[in-house]
Colleague: 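Sharing a structure here in structure tokens format.
Please read all numbers here as calculations on a predicted model, not as lab measurements.
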Amino acid sequence: MNLFQETKFIMNKYNVTANKSYGQNFLTDEYIVSSIIDNSLITKEDLVIEVGPGLGTLTKYLIESAGHTISVELDPKMITVLKDRFSLYDNFTLLHDDILKVDLNSLIQKTLEEKKLKRAKVVANLPYYITTPIIMKLLEEKLNLDSITVMVQKEVAERIAAKPGKSNTGSITYTIWYYTEPEIILDVPKDSFVPSPKVDSAVLKLNVLPEPRVTLENEELFFKVIKAAFSQRRKNIGNSLTGVGKSKAEIKAMLEELNLDVNSRAENLSIDDYARIADYIS
């Protein structure tokens, strides 16, 4: 029985279908599954956090590879499936919860200590409608994570992995690069899922840096500056940076002192440029 047949069998057995409100699409491509597992570099010394396991397609391989796997699922119908499939494994924990409400810091630290594991990693096929909030939670809470390997919408992956200072970037690009070294592992065509989504996907790996990429006097202000710049990305930074509470004249004077072009746009600046601006304002 191949993965497509197995998926159909499980759906029929439990009389479940993909729930659009949970952003569910079930992965049925065995090559993609094996590539996700291989690129996650999971060992028996690792704790793996899985978000939205669904029918358990990835879960099976995570349990076999990791020291311990914790899967967080919101859909009660999937909880029934996952309990039946994996309840006999002693290195598996299933949480019926909203990942955005879970205290991941306490969960990770407690499990690493109790299970005597060395690292924590996130591996998931993320629900596309809340991809950004999940990724931001994982990074902004400064969790003890080694890496984050996730399936996301291809367009989102390209924006996240785009190098700061280049085209196709957004405010999330700078946040990702501040905390991690991102890379796109592989593209995933829409027909790799049941049902097929309307867009293609990509597997994105975020290798978490030991320390943020730049040293800041005020981290909150740094992100506020970036958000202000990209909130009016069609304007030059001489205008958009007034969103941080400075006048155009003050912004112009600051940029001139920092040797930055007042006519640059948000995507033209590097992380170091934004760090210098934030430190100057601070």
Side-chain angles (χ1 to χ4, degrees), residues 7 10-11 14-27 36 40 46-63 66 68-87 89 91-115 117 120-153 156-157 160 171-172 175-176 179-180 193-195 197 199 201 203-206 208 223:
T7 301
I10 294 173
M11 292 174 71
Y14 292 94
N15 191 29
V16 296
T17 57
N19 190 324
K20 288 185 178 181
S21 66
Y22 290 119
Q24 292 172 347
N25 299 94
F26 304 129
L27 183 61
I36 293 172
S40 300
D46 293 334
L47 163 65
V48 172
I49 306 294
E50 183 188 20
V51 183
L55 299 175
T57 301
L58 276 177
T59 314
K60 177 173 66 174
Y61 298 95
L62 295 175
I63 292 172
H68 198 86
T69 298
I70 300 175
S71 295
V72 184
E73 176 59 58
L74 185 58
D75 186 350
K77 290 186 177 180
M78 297 304 159
I79 292 295
T80 300
V81 177
L82 295 163
K83 282 183 176 179
D84 281 359
R85 294 191 70 184
F86 306 118
S87 61
Y89 287 91
N91 66 332
F92 175 65
T93 300
L94 177 61
L95 297 181
H96 183 195
D97 210 337
D98 180 346
I99 189 64
L100 297 178
K101 298 178 181 178
V102 175
D103 182 355
L104 287 175
N105 186 52
S106 297
L107 179 65
I108 289 171
Q109 292 305 120
K110 180 181 179 182
T111 309
L112 286 175
E113 293 172 7
E114 289 183 352
K115 306 298 181 181
L117 301 172
K121 299 176 179 179
V122 171
V123 183
N125 178 9
L126 293 181
Y128 291 173
Y129 74 105
I130 52 169
T131 292
T132 299
I134 292 174
I135 292 177
M136 295 304 291
K137 173 185 172 71
L138 297 175
L139 297 177
E140 290 179 340
E141 292 187 1
K142 296 181 172 62
L143 304 173
N144 182 17
L145 293 175
D146 180 77
S147 64
I148 301 167
T149 306
V150 289
M151 179 99 70
V152 299
Q153 186 176 332
V156 174
I160 285 175
S171 59
I172 189 174
T175 302
I176 295 295
Y179 290 112
T180 77
F193 300 87
V194 172
V199 296
S201 306
V203 178
L204 178 72
K205 185 173 185 181
L206 308 176
V208 180
F223 290 116

Colleague: Measuring only between side-chain heavy atoms, which start at C-beta, is M78 closer than 4.5 Å to Q24?
Modeller: yes

Colleague: Flag yes if more than 12 heavy atoms outside D103 fall under 6.0 Å of its CG atom; otherwise flag no.
Modeller: yes

Colleague: Test side chain to side chain contact (heavy atoms under 4.5 Å, CB included) on L206 and I160; report intermediate values, then the result.
Modeller: CA-CA 10 Å; L206 308 176; I160 285 175; 4.2 Å; yes

Colleague: Less than 4.5 Å apart, any side-chain heavy atom of V51 and any of V150?
Modeller: no

Colleague: Can you check whether V48's main-chain N or O pairs, donor with acceptor, with D46's side chain at less than 3.5 Å?
Modeller: no

Colleague: As an exercise, state the distance from OH of Y22 to CG of L74, rounded to the nearest 0.5 Å.
Modeller: 4.5 Å

Colleague: Which heavy atom of A18 sits nearest a heavy atom of M11, and at what distance?
Modeller: N-CE, 4.4 Å

Colleague: Would you please test E50 and T69 for side-chain hydrogen bond (donor to acceptor under 3.5 Å, both in side chains) and show each step?
Modeller: CA-CA 7 Å; E50 183 188 20; T69 298; over 6 Å; no

Colleague: Hey, could you give me the CZ/OG1 distance between F193 and T57, rounded to the nearest 0.5 Å?
Modeller: 10.0 Å

Colleague: Answer whether the closest heavy-atom distance between the side chains of K137 and L143 falls below 4.5 Å.
Modeller: no

Colleague: What distance do I63 atom CD1 and I70 atom CD1 have between them, rounded to the nearest 0.5 Å?
Modeller: 11.5 Å

Colleague: Would you mind reporting whether I135 and I176 have side-chain heavy atoms less than 4.5 Å apart?
Modeller: yes

Colleague: How long is the straight-line distance from NZ of K142 back to OH of Y179, given to the nearest 0.5 Å?
Modeller: 3.5 Å

Colleague: To the nearest 0.5 angstrom, please state how far the CG atom of L107 sits from the NZ atom of K110.
Modeller: 8.5 Å

Colleague: When you compare the side chain of I36 with that of L27, does any pair of heavy atoms fall below 4.5 Å?
Modeller: yes

Colleague: Between the side chain of N125 and the main-chain N/O of G52, is any donor-acceptor distance below 3.5 Å?
Modeller: no

Colleague: Kindly give the heavy-atom pair with the smallest separation between L82 and L55, and that separation in Å.
Modeller: CD2-C, 4.0 Å

Colleague: Looking at D98, L104, L100, which one forms a side chain to side chain contact (heavy atoms under 4.5 Å, CB included) with V102?
Modeller: L104

Colleague: Return the minimal non-hydrogen interatomic distance between T175 and M136, and the atom names on each side.
Modeller: CG2-CE, 3.4 Å

Colleague: Check for a donor-acceptor pair, side chain of N25 on one end and backbone N or O of P195 on the other, with a separation under 3.5 Å.
Modeller: yes

Colleague: How close do S71 and F92 get, counting heavy atoms only, and between which atoms?
Modeller: OG-CE1, 3.3 Å

Colleague: So which atom in G56 and which in F86 form the shortest heavy-atom distance, rounded to 0.1 Å?
Modeller: O-CZ, 3.6 Å

Colleague: Quick one, V122 and I134 - any side-chain contact, counting heavy atoms below 4.5 Å?
Modeller: no

Colleague: E114 versus T111: any side-chain heavy-atom pair under 4.5 Å?
Modeller: no

Colleague: Does the side chain of T180 come within less than 4.5 Å of L139's, by heavy atoms?
Modeller: yes

Colleague: Any side-chain hydrogen bond (donor to acceptor under 3.5 Å, both in side chains) pairs touching residues 78-87, not counting sequence neighbours?
Modeller: Y14-D84

Colleague: Can you tell me how far NE2 of H68 sits from CG of L47, rounded to the nearest 0.5 angstrom?
Modeller: 7.0 Å

Colleague: Show the nearest heavy-atom pair for residues T59 and P53, with the distance to one decimal.
Modeller: OG1-CB, 3.3 Å

